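Just so it is clear, the structure is predicted and the values come from calculations on it, not from any experiment. Just so we're on the same page: letters track the sequence lines, and every chain starts at 1.
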2 protein chains.
Amino acid sequence: MRSNGEKSGNGYKNGNGNEHTMTMQKIATLAGVSKGTVSRALADDPKVSEKTRLKIKEIASSQNYRPNAAAVSLARGRTNTIGLVIPSAPRALSDPFYLEFLGGVGDFLITKGYNILLSPMSEQGPGHVKLLETNRIDGLILTEPEQADARIAYLRDRAIPFVFLGQTSDNEGLWVDGDNVGGARIAVNHLLGLGHRRIGCITGSMNLVSGANRLAGYITALTAAGVPFQQELVAEGDFTEPGGRRAVAQLLELENPPTAIFACNDLMAIGAINGARERGISIPQDLALAGFDGIRSGELISPKLTTVVQPIYQMGLLAGELLVKSILGEEITTRHMLLPLDLKIRESCGG
Amino acid sequence: MRSNGEKSGNGYKNGNGNEHTMTMQKIATLAGVSKGTVSRALADDPKVSEKTRLKIKEIASSQNYRPNAAAVSLARGRTNTIGLVIPSAPRALSDPFYLEFLGGVGDFLITKGYNILLSPMSEQGPGHVKLLETNRIDGLILTEPEQADARIAYLRDRAIPFVFLGQTSDNEGLWVDGDNVGGARIAVNHLLGLGHRRIGCITGSMNLVSGANRLAGYITALTAAGVPFQQELVAEGDFTEPGGRRAVAQLLELENPPTAIFACNDLMAIGAINGARERGISIPQDLALAGFDGIRSGELISPKLTTVVQPIYQMGLLAGELLVKSILGEEITTRHMLLPLDLKIRESCGG
DNA sequence: CATAGTGCTTTAACCGTTTGCAATACCTGA
DNA sequence: TCAGGTATTGCAAACGGTTAAAGCACTATG
């Protein structure tokens, strides 16, 4: 007993909390071996004999030993923590989208032994990134890429692994996204199939890739069907409910208003429904409306929203998986995941 | 230059990432002082001379120095990280409530230099707590306390500071909550004021404190108004939309159905609206409906939901503040924050 | 019987900070 | 000029792990 050196803690500082926290050294003393052996035993290093390993594990678990994460991070140079940057208000806090995504990310990463550090993207620019960098995270999941996103260069420069939720222009990068173009096309095709020819579009924020791509899908669907694209049928929104409300007003005031509208997300679709209703226009009788995202509220509203459903939770899982692979330096065969999207037909388009 | 000892990194391990990360030692070398002086200078220790301090800070910022969080944690015995346990599916991921709460918590804690580690409460029991303990968090914010919550004893035993979002039975504990009893009473009083005498209640999960208290508020409001409480008018829900739908069906099938219903949260209220509509009952003409929480969807639905609004974001701020005080050992005058709630009158109650 | 393995364990350096104490430099007044 | 402060700074021991390399106790070999 107490055979090895390492003067026991005279604890001349660090007065916080438990005096009786179990450390590796204490386990070692109890087991009559050295600290190093304990470390190896707990890591299942084959160089430790079966007998010793079992004894040490036994003691460790009976003493309820938990390694100190900070010490592990320091020694290994990895934090086992990843950062998740979600957009700040108004979008994130109101959009159920991100919480569900977070659920997927969390469920995956936690089983892999990673922790999630949340960073609301409060400041513009790479401020939040710095915040995360301070904490030496192993990797980062970001959302809402912009058309030319400055964060990409910043992160690549720092060699921090990262994954975007949302397609980025940069071809190297890792990202997971729903097929915005394809999804939009499906929605518009559905409206075309119902006989509509005058189909409006309420766009999202055009600086976001998702906003631009959904509009692109709308346009290609129209032209593929031989319906000429008309600029006046496009009203710019901003992915919020009031934005949708404003945009629908703009479209309904045309001398020849659309008979159907594709809104680039559900929140705007809901805004459009409300806005249309205020003008005495009933959905879907007078106006068909399709959305995008598949958020919960779309099911709750009346009429229930026909929408392009994104597998949000799934996307979270995938983003987590990509990031972990990237952190561990494993080979990544598909760097981009463009998930096909389905249309969930409910009530808002009639038919 | 290079006056002090400390063999420079021969780096025989730890091959990850940047070879050129700035450490305190490097700053010290650049400034021609010792590591310890740098540490003190950056911490604004008055024992360091003005001149040295300025020089060191200058160099540190020009070198873009960021302290290694793991090392700080290890040395100080504090992690500057707090855990946030949110309920897992189905409630959390669909309930905008928690994301908004998280926003408040995050905004407060991040300005105080804390990080947030998220833990979806995936397993039952204290499993997630252990997870957090492994990471030596400084404190914990928990949600959805149960009537006799085992986590309380567990955490107190480990001397981990914690704050609940939700009133706990335990009188020592710290918590922030909306006034569930009072809020429910206001809602029911509103219905009473509109002339209703036969008012139903769709309860939440009765094992949760919030569920029990909102029912209590309903009952006290009724009895205070001299309206006898009738068990048949109470239908048990579970805080979900389908739960509300089922519950409203149960109430509407009574031979003498209620003319108004108080649903213990908005999600159930929305379910009730949908359920009622399916049965051809229109809101608010045939049935008045009030909810609780003030979530976003309640504004989007038609008719817009009259509901007891909780200052969710605010509650997040307060929870963060309480927790930090508790961690730092500051004196806490009010250990419980029971926030008064207001009724937001919209359309679903008519009147 | 000396020598080389082999299998396991100990030793000690190291990760990047914080901080008590020792040491040095600079002042002050006698 | 020198003792005795006082303001700064340096030193080195922690914090709790990981891990290369040396050490030790055996056995197998020549």
Q.
Please check: side-chain N/O of D177(A) versus main-chain N/O of Q167(A), any donor-acceptor pairing under 3.5 Å?
A. yes

Q) Do any N or O atoms from the side chain of S34(A) and from the backbone of A28(A) form a donor-acceptor pair under 3.5 angstrom? A) no

Q | Within residues 37-48 of chain A: residues closer than 4.0 Å to DNA chain C (heavy atoms) | A | T37(A), R40(A), K47(A), V48(A)

Q) So, the side chain of T334(B) versus the backbone of M337(B): is there a donor-acceptor pair under 3.5 Å, distance only? A) no

Q | Close approaches to DNA chain C from residues 51-60 of chain A, in residue order (heavy atom, under 4.0 Å) | A | T52(A)

Q) Expressed in angstrom and rounded to an integer, what is the separation of N68(B) atom CG from dT18(C) atom C1'? A) 13 Å

Q) What integer distance in Å separates I27(A):CD1 from dG16(D):C1'? A) 12 Å

Q. How close or far is atom C1' of dC15(C) from atom CE of M24(B), stated in whole angstroms?
A. 14 Å

Q: Nearest 0.5 Å please: distance from the CZ atom of F162(A) over to the CH2 atom of W175(A).
A: 13.0 Å

Q) Distance from I27(B) atom CD1 to K57(B) atom NZ, nearest 0.5 Å? A) 13.0 Å

Q) Closer to the 5' end of DNA chain C via nearest nucleotide, is it G36(A) or E50(A)? A) E50(A)

Q: State the OG1-CG distance between T81(B) and D138(B), to the nearest 0.5 angstrom.
A: 6.5 Å

Q) Counting N and O atoms only, with roles assigned by atom type, does the side chain of R53(B) sit under 3.5 Å from a partner on the main chain of D44(B), one being a donor and the other an acceptor? A) no

Q | Nearest-angstrom distance from the residue atom CZ of R76(B) to C1' of dG16(C) | A | 13 Å

Q. Of all the nucleotides listed (dG16(D), dT10(C), dC8(C)), which has the minimum atom distance to the side chain of T23(A)?
A. dG16(D)

(Q) Can you say whether a donor on the side chain of K35(B) sits under 3.5 Å from an acceptor on the base of dT17(C), or the other way round? (A) yes

Q: For the pair E58(B) and K55(B), find out whether any cationic side-chain nitrogen is under 4.0 Å from an anionic carboxylate oxygen.
A: no

(Q) Rounded to whole Å, how long is the line connecting atom CG of L74(A) with atom C1' of dC15(D)? (A) 9 Å

Q. Checking K112(A) side chain against E321(A) main chain: does a donor-acceptor pair fall under 3.5 Å?
A. no

**Q.** Out of dT18(C), dG17(D), dG10(D), whichever nucleotide has its closest atom nearest the side chain of V33(B)
**A.** dG10(D)

Q | For atom CD of Q25(B) and atom C1' of dC15(C), their distance in whole Å | A | 13 Å

